[in-house]
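First the structure, in the form of C-alpha cells, and then the observations on it.
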Amino acid sequence: MKNRYAENHENRLMKYLDERIRLRALLGFLLEEPMPGGARWAYVFGSMVLFTLVLQFVTGVMLAFYYGGTPDHAWDSVNYIDHLKNGNLDVGRLIRGFHYWGASIMVVLVGVHLLQVFLWGAYKRPREIMWLVGVILLALTMTAAFTGYLLPWDERAYWGTIVGTNMIGLVPVVGPLLKSAIRGGTGLGALTLSHFFAIHTMMLPSLFILFVVFHLVIFRRVGPAGPFRGTSATLEAQKEYFYPRQVLMDALAMLAVFVLIAGLAVMFPPGLEAMANPSNSSYSPTPAWYFDWIFELLKMIRPEILGVIGLPAVIGLVLVLLPFVDKRSERSPFRRPVSVLTTLVVLGGILGLSIAAEAGFKKLVPLNPASVQRGKIVFEHSGCMGCHTVMGKGGHIGPDLSEEGLIGHSEHWLEVQFTDSSAHFPGSPMPPFTFLTPEQRRDLAQYVSSLGRTGWPDTTH
Amino acid sequence: MRQEVVFRMGIPVQNASGHPVGTLEKLVFLETEKKISEIVVRDLSGLKRVPLQWVRELTEHVLVLDHPGNLDDLPVFDISQFEEVPIWFYPPDCRIEVGSLLTLKPCDERLLGESEAMSRRDFMAKSTALVATLIGISLVIPIGGYVLAAARTKLSDHWVTLPVKLEQLPMDEPVSHTFNAVSVSGWMRVPVVRTVWLIRHSGAEDPFSSSEDQILGLDSPLEKSRSNPYLTVLSPICPHLGCSPQWFSGKKLFICPCHHSIYEMNGKRIGGPAPRPMDQLPVLVGKDGSISILYEEFQVGIPQKIRLS
Ligand code: FES
C-alpha cells in the first residue's frame with residue numbers, strides 16, 4: 001500500500017498540490033486512522049459535537065454581523081435580526097434559530113458523547129488526558145451557553161443572568177469580587193453585556209479551537225479505543241480505516257443533526273421577550289432547560305451556599321478524577337456494574353429533577369396569532385387604553401400592561417379579571433367589561449397574554 | 001530511560017542453541033495498538049512468522065530466539081494479507097528500517113478483493129461528498145440571503161416638510177437650507193442635520209425653472225412627477241466625488257471647492273470633472289406654499305443618476 005486515497009483520486013490538481021504541499025501524505029495521515037474492530041455508528045458522537053460547534057461558529061459570526069452589544073441597542077438589533085427577510089425567506093429568524101437550537105443540541109450531544117465515552121470505558125489508560133481535555137470542552141460549552149443567554153437583552157436574559165451571577169457571588173471570600181468582576185461593577189449593565197459579548201465571541205471560540213485541536217491531536221496519538229470486547233488480534237483483523245466508511249457514517253450523522261436543528265429552527269423560532277427592564281420586580285426568571293436540574297437541586301440543598309459551591313465542585317471533581325481513580329483496565333460496561341448503575345441513577349435523577357423543575361415553572365399561555373390579532377382590536381376599541389398603557393401608549397390610571405404576558409396569569413384568570421376585577425383585587429376601580437362576548441374575552445385574554453412576549457415592530461425598513 | 005530498540009533487517013537469526021535459522025526480513029505491526037507483535041524470518045523454506053515474545057536477545061548484529069529447534073512448524077508469511085505501514089504510524093520507541101514494517105490488511109479488502117473494495121470505497125467517497133454538498137448548500141443559501149438582506153431592504157421614502165414657505169425664499173437666488181432628519185442604519189436611527197439647495201423661480205417661463213436633470217432626462221419617474229416650476233431642489237452633494245459645491249452669487253455659479261466642477265443655477269455642468277449635472281431632488285409645494293422634499297442620495301462619479309437604496 002502506497003497511498004490508497006491517492007489512487008482513485010489521481011488528477012492534475014492533486015498532482016499539482018502534492019508536489020507543492022505533499023497533499024497525499026497529509027490526506028493519508030488524516031484519513032488513514034486505523035479503527036480497531038472497524039467503523040461503527042457508536043463512534044459518530046464526537047463528530048456530531050464538532051459539527052454543531054462549527055455550525056455555532058458560522059451562525060454566531062452571522063449574528064455578530066447585525067448585533068449591537070450595548071444595552072441600548074442589543075434588544076433592538078436582535079429584534080431587527082428577527083424581522084430580517086430576503087424575498088420571502090425569514091433569513092434572520094432562521095439564522096438566529098440555527099444558533100439558538102444549535103446551542104441546545106450541542107449541549108445534548110456533548111452529554112451523549114461524554115456518556116458514550118464513559119460506558120465504553122474509553123477514558124481509561126492511556127486516554128486520561130484526552131478525557132481531561134474533554135471535561136474542559138464541556139466546561140467551555142456550559143460557559144458559552146451561560147454567556148450567550150444574556151446577549152438578546154430581554155427580560156429572560158437579564159433576570160436569568162442576575163440569578164446566575166448572584167449565585168457566583170455567594171461563594172465565600174472570592175465570591176463578591178468574582179461577581180463584580182464578571183458584571184463589571186455591582187449591577188448588571190453595559191459592562192456586563194460587553195464582558196459577556198467578549199467572552200462569548202472572542203475568548204470562548206479561541207479556547208474552543210485550542211482545546212478541540214488538542215483533543216484531536218491526542219486522539220490521533222493514542223488512536224480510538226475501539227470496542228470493549230475482542231482480543232487484540234481479532235480487533236486488528238477486523239480493523240478498517242477512518243476513511244471511507246467511518247467518514248460516511250459521520251457525514252450522515254452530521255446531516256441528521258443538521259436536519260434536526262434546521263427543523264427546530266423553522267418550527268420553533270426562538271422568542272424575544274420585552275427589553276430588559278431592571279425595575280420589573282415581578283419577573284420570575286427560569287434557567288435554560290439544560291440547567292433546570294441544577295436549579296431544582298439547588299432548591300433542595302440547604303444551606304444554599306452548600307449547593308452553590310458543593311454541586312459544581314462535586315461534578316467537576318468526579319469528572320476530573322474519574323480516570324485517575326478508576327484505574328482498572330476493564331472496559332466492558334457489563335463488567336463495571338457499579339459505575340454503570342451509578343450513572344443510570346444519576347441520569348434518572350437529572351431527568352426527574354428537570355421534569356420537576358419544568359412542572360414548577362409558571363406556564364405562560366400558549367399563543368394563537370390570529371386570536372392575538374383579534375384581541376388587539378378588542379383592546380383598542382373597548383376603552384382599555386383609557387386606563388392602561390401598552391408600550392408607551394395609553395392612560396395611567398390602571399397598571400402598565402406592556403409586560404403583562406410574562407406574569408403567567410391563566411386565560412381563565414384574565415377573563416375573570418375583565419368582568420369582575422374585584423374578585424382578584426378587592427376594591428379595584430376597574431369597571432366590569434361584561435359587554436364583551438365570550439369570544440372577545442378569549443381573544444382579549446390571548447392578546448394580554450402576548451404582551452411583552454411577541455408582536456414587536458418591524459424595524460427593517 | 002528505556003533503551004531504544006533497533007531492528008536491523010538482514011541480520012542473522014539464531015535459535016536458543018546458537019544455530020543460525022535464517023535472517024530477519026520484516027516486522028509485523030498491530031496497527032490498532034501501535035506495537036510490534038511478530039517478526040518475519042526468512043529460512044530455507046521461505047518466510048515464517050515468529051511471535052515477538054520468542055526474541056531473547058537483539059543486537060545490531062544478531063537476533064537470538066528463545067526457541068530451541070528450527071522454524072518448520074511456524075505459520076508461513078503470506079504477503080497478500082499484509083500491507084506496508086506508512087511512516088507516520090511507526091512506533092515511537094524503536095528504530096526500524098523503512099519498508100520493513102508491515103501490518104494486517106483491513107478485512108474489507110481481503111474479503112471483497114481489491115477491485116471490488118475500491119469501487120465500494122468510491123461509492124462511499126461519493127456519498128460523503130454528496131452529504132457534504134447537501135449540508136453546504138442548505139447552509140450557504142440562508143447565510144447568503146442573510147448577509148445580503150440588509151443591503152436589499154428598501155428603506156421607505158421619508159418626506160420631510162421644511163420649516164420654510166415658498167414666498168419666504170428669494171427669487172432666482174439659491175439658498176442653502178438646513179433641516180433635521182433621521183438617518184437609518186439597520187436598527188439604529190440617528191438624528192442628523194441635512195442641507196439642500198432651494199432655488200425659487202418666477203414660473204415656467206424662467207429659463208432656469210427646469211433643472212438640467214429634467215432637460216437631459218436623467219430623472220426617475222418619481223423625480224419627474226414630483227417637480228415644480230416655481231421651485232428646484234438640488235442635492236448638496238457634488239456628483240463628482242461628493243464634496244459640497246458652493247454658490248457664488250457674483251458669478252451666478254455653483255463651484256465645487258474640491259476639483260473645481262462648475263455648475264449653472266439649474267445644475268447644468270459647464271466645467272470641471274463632474275460626470276453629470278447637480279442632482280435634482282423630488283419636491284412637493286402645497287397650496288399654502290409649504291415645501292416637502294424627499295432627500296435622496298445618488299451614486300457619485302458616474303454619468304447616470306442612480307439612487308442609493
Ligand atoms: S468633488 Fe466636486 S469637483 Fe470633485
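To find a chain, count down the sequence lines: A is the first, B the second, and so on, and within it residues start at 1.
A pairwise comparison of heavy atoms in A:M62 and B:I143 identifies SD-CG2, 3.6 Å as the closest pair. B:Y146 and A:L63 get closest at one heavy-atom pair: OH-CA, 3.5 Å. For the pair B:T32 and A:P34, the tightest heavy-atom approach, listed with the atom from each and the gap, is CG2-CB, 4.3 Å. The two residues A:L248 and B:S127 have their closest heavy-atom pair at CD1-CB, 3.5 Å.
Checked against side chain to side chain contact (heavy atoms under 4.5 Å, CB included), A:S77 has the following partners two or more places apart in sequence or in another chain: A:Y67, B:W187.
Interface residue A:I95: only side-chain heavy atoms are found under 4.5 Å from chain B. For chain A, the nearby part of B:L134 is the side chain; its heavy atoms alone come within less than 4.5 Å. Neither the backbone nor the side chain of B:S37 comes within contact range of chain A; no heavy atoms are under 4.5 Å apart. Contacts of A:K85 with chain B are made by backbone atoms alone, with heavy-atom separations under 4.5 Å and no side-chain atom involved.
Going from atom OG1 of B:T128 over to atom CG of A:L252 covers 7.5 Å, rounded to the nearest 0.5 Å. Once rounded to the nearest 0.5 Å, the distance linking NZ of B:K105 with CD of A:E236 reads 14.0 Å. Between the OG1 atom in A:T59 and the CG atom in B:L139 there is a gap of 8.5 Å [rounded to 0.5 Å]. Interatomic distance, OH of A:Y241 versus CD of B:E31, reported as 3.5 Å (0.5 Å rounding). In this structure, B:L148 CG and A:L84 CG are separated by 10.5 Å, a value rounded to the nearest 0.5 Å. Atom CZ of residue A:R245 and atom CZ of residue B:R121 lie 12.0 Å apart, to the nearest 0.5 angstrom.
Interface remark: of the candidates A:V58, A:L94, A:T459, A:T459 forms the most heavy-atom pairs closer than 4.5 Å to chain B. Between chain B and the options A:V91, A:L89, A:D250, A:D76, heavy-atom pairs under 4.5 Å are most frequent for A:V91. Between chain B and the options A:Q238, A:M249, A:H73, A:H83, heavy-atom pairs under 4.5 Å are most frequent for A:H73. Counting heavy-atom pairs closer than 4.5 Å to chain A, the top-ranked of the candidates B:S138, B:A132, B:G144, B:A129 is B:S138. Counting heavy-atom pairs closer than 4.5 Å to chain B, the top residue among A:F98, A:F65, A:Y80, A:F51 is A:Y80. Ranked by non-hydrogen atom pairs under 4.5 Å with chain A, the options B:L130, B:T103, B:L111 are led by B:T103.
Along residues 254-271 of chain A, the residues that come nearer than 4.5 angstrom to chain B, judged on non-hydrogen atoms, are A:M254, A:L255, A:F258 in order of number. Along residues 35-44 of chain A, the residues that come nearer than 4.5 angstrom to chain B, judged on non-hydrogen atoms, are A:M35, A:P36 in order of number. At a heavy-atom cut-off of under 4.5 Å, chain B is reached by A:R220, A:R221 from residues 218-227 of chain A, listed in order of number.
Of the possible polar contacts, none joining the A:E240 side chain to the B:C107 backbone as a donor-acceptor pair under 3.5 Å is found. A donor-acceptor pair is defined here as one N or O able to donate and one able to accept, closer than 3.5 Å; such a pair exists between the side chain of B:R110 and the backbone of A:A237. Although no hydrogens or angles enter the test, the distance criterion places a donor-acceptor pair under 3.5 Å between the side chain of A:Y66 and the main chain of B:V147.
Within a 6.0 Å sphere centred on NZ of B:K126, other residues, nucleotides and ligands contribute 12 heavy atoms or fewer.
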### Query
Checking side-chain hydrogen bond (donor to acceptor under 3.5 Å, both in side chains) for the pair B:K35/A:S232: CA distance, chi angles, key distance, verdict?
CA-CA 11 Å; B:K35 66 181 190 220; A:S232 52; 5.6 Å; no
